[in-house]
Amino acid sequence: MDLYYEVNGNGHPMVLLTGGADVRNWTFVAPLLAKHNKVVTFDGRGTGKSPSPLEDVNHVKDLLSLLDHLDINQATLIGHSMGGQIATEFALKYPERVSKLVLLAPGLSGFSYSKEFEESMKKIHEAAPDIEKMIELLLCDPSYRVVTVSPHRNLMVQMLRHHMNRMFEWPAVKFIWPQPPAIERLEELTAKTLLIIGKEDSPDNLRVANYFRKHTKAQIIEIPGADHMVNLTHPEKLYRQITDFILI
């Protein structure tokens, strides 16, 4: 296994997944969960301390390899942002390996994001290779309106700076996702699912949550005063909600 990972605690296995960040994304949540569970955090390929990709990236395959390497037959998956997208795809492809599914402001493959979002991403890419400008533009997005005025802004900036520097090291690769996209197969989701999202997240991310509400049996919880980075600003609330859900 060439991916960087950390294992803390004992008990029920929980695997925490993130997207454009690294294990620091779970700085405040993982220690709480590790009090009574076996918690696995890891850096996806090309992020954090994991190696840069040498070929197209298959996050679902990487997750399967990690579970097999750690001899974890079944785990609760907790995915944030693109980590939620990975967790959803994995649960659809390997339902027997997922005990429960917790999605924090998840992405969703096949979802049509707004013109405003696409234009915002275009401006960020056009600012390359000026990483500080890219970070400034990204943090102007409504989905970060809470964390940017919180004590955790610096941690957020550090993770973004590290991630963007790493991405400039990558060769020309793309992400490989199962087909058809998850948005067309959500009704096949069998894992008991909890979706948590901040009420101050972006309209697009809130629309994704509504799509889960309409097409799955997921329990949906909206946290007032939280944005996309609910994992940094509201770890205690997340811990309570996740613990209650696991015990049901």
Side-chain angles (χ1 to χ4, degrees), residues 6-19 21 23-42 63 67 70 72-92 94-108 143 146-147 150 152 182 186-201 205-248:
E6 299 176 359
V7 182
N8 293 283
N10 295 286
H12 174 70
M14 292 182 167
V15 180
L16 281 51
L17 302 96
T18 188
V23 293
R24 289 175 293 176
N25 198 54
W26 304 109
T27 296
F28 308 112
V29 176
L32 296 174
L33 293 172
K35 291 178 181 179
H36 304 291
N37 303 278
K38 178 180 181 179
V39 175
V40 179
T41 56
F42 71 102
L63 177 56
L67 291 178
L70 295 174
I72 296 175
N73 183 54
Q74 192 177 69
T76 290
L77 300 184
I78 302 177
H80 173 238
S81 196
M82 193 179 80
Q85 180 172 326
I86 299 167
T88 300
E89 294 281 7
F90 188 90
L92 286 167
Y94 302 106
E96 72 282 358
R97 304 297 295 269
V98 180
S99 52
K100 289 188 178 180
L101 185 63
V102 179
L103 306 173
L104 312 179
L108 178 63
S143 55
V146 176
V147 72
S150 79
H152 310 300
L186 271 191
E187 293 177 358
E188 301 171 18
L189 192 62
T190 57
K192 192 168 185 178
T193 303
L194 169 66
L195 190 153
I196 302 174
I197 190 165
K199 283 192 172 184
E200 300 300 318
D201 208 329
N205 291 330
L206 290 167
R207 284 198 299 125
V208 169
N210 281 330
Y211 202 89
F212 272 88
R213 182 181 280 113
K214 293 177 182 178
H215 296 278
T216 74
K217 297 179 181 179
Q219 177 186 353
I220 312 292
I221 294 176
E222 296 183 351
I223 297 184
D227 63 9
H228 194 61
M229 302 305 294
V230 60
N231 52 303
L232 297 185
T233 59
H234 294 71
E236 292 281 354
K237 286 188 177 180
L238 285 184
Y239 170 64
R240 289 194 296 270
Q241 296 289 357
I242 293 171
T243 300
D244 289 347
F245 174 69
I246 295 300
L247 293 176
I248 294 175

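Starting from 1, each residue takes its place in the sequence as its number. From a predicted model like this one, the values you see are computed outputs, not experimental measurements.
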Would you check if [X] and [Y] make a side-chain contact, meaning some heavy-atom pair closer than 4.5 Å?
X	Y	value
Asn25	Met229	yes
Tyr239	Thr243	yes
Ile196	Phe245	no
Leu186	Thr88	yes
Asn205	Ser143	yes
Phe212	Leu108	yes

- Task: Please work out which of the three classes, parallel, tilted or perpendicular, describes the rings of Trp26 and His80, given edges at 30° and 60°.
- Result: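 The rings of His80 and Trp26 stand perpendicular, inter-plane angle above 60°.
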If I compare all heavy atoms of [X] with all of [Y], which pair ends up nearest, and what's the gap?
X	Y	result
Arg97	Asn73	NE-O, 2.7 Å
Ile223	Val230	CD1-CG2, 3.9 Å
Leu63	Val15	CD1-CG1, 4.0 Å
Leu17	Ala87	CD1-CB, 4.2 Å
Ile221	Gln241	CD1-OE1, 3.0 Å
His152	Thr233	CD2-CA, 4.1 Å

- Message: Counting only heavy atoms not in Asn10 (residues, nucleotides, ligands), do more than 12 fall under 6.0 Å from its CG?
- Response: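 Open.
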- Will you find, in the side chains of Asp201 and His228, an N or O donor that is under 3.5 Å from an N or O acceptor?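 Looking only at side-chain atoms, His228 and Asp201 do form a donor-acceptor pair, the distance falling under 3.5 Å.
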- So, the side chain of Ser99 versus the backbone of Thr76: is there a donor-acceptor pair under 3.5 Å, distance only?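 Yes, Ser99 side chain to Thr76 backbone: donor-acceptor pair under 3.5 Å.
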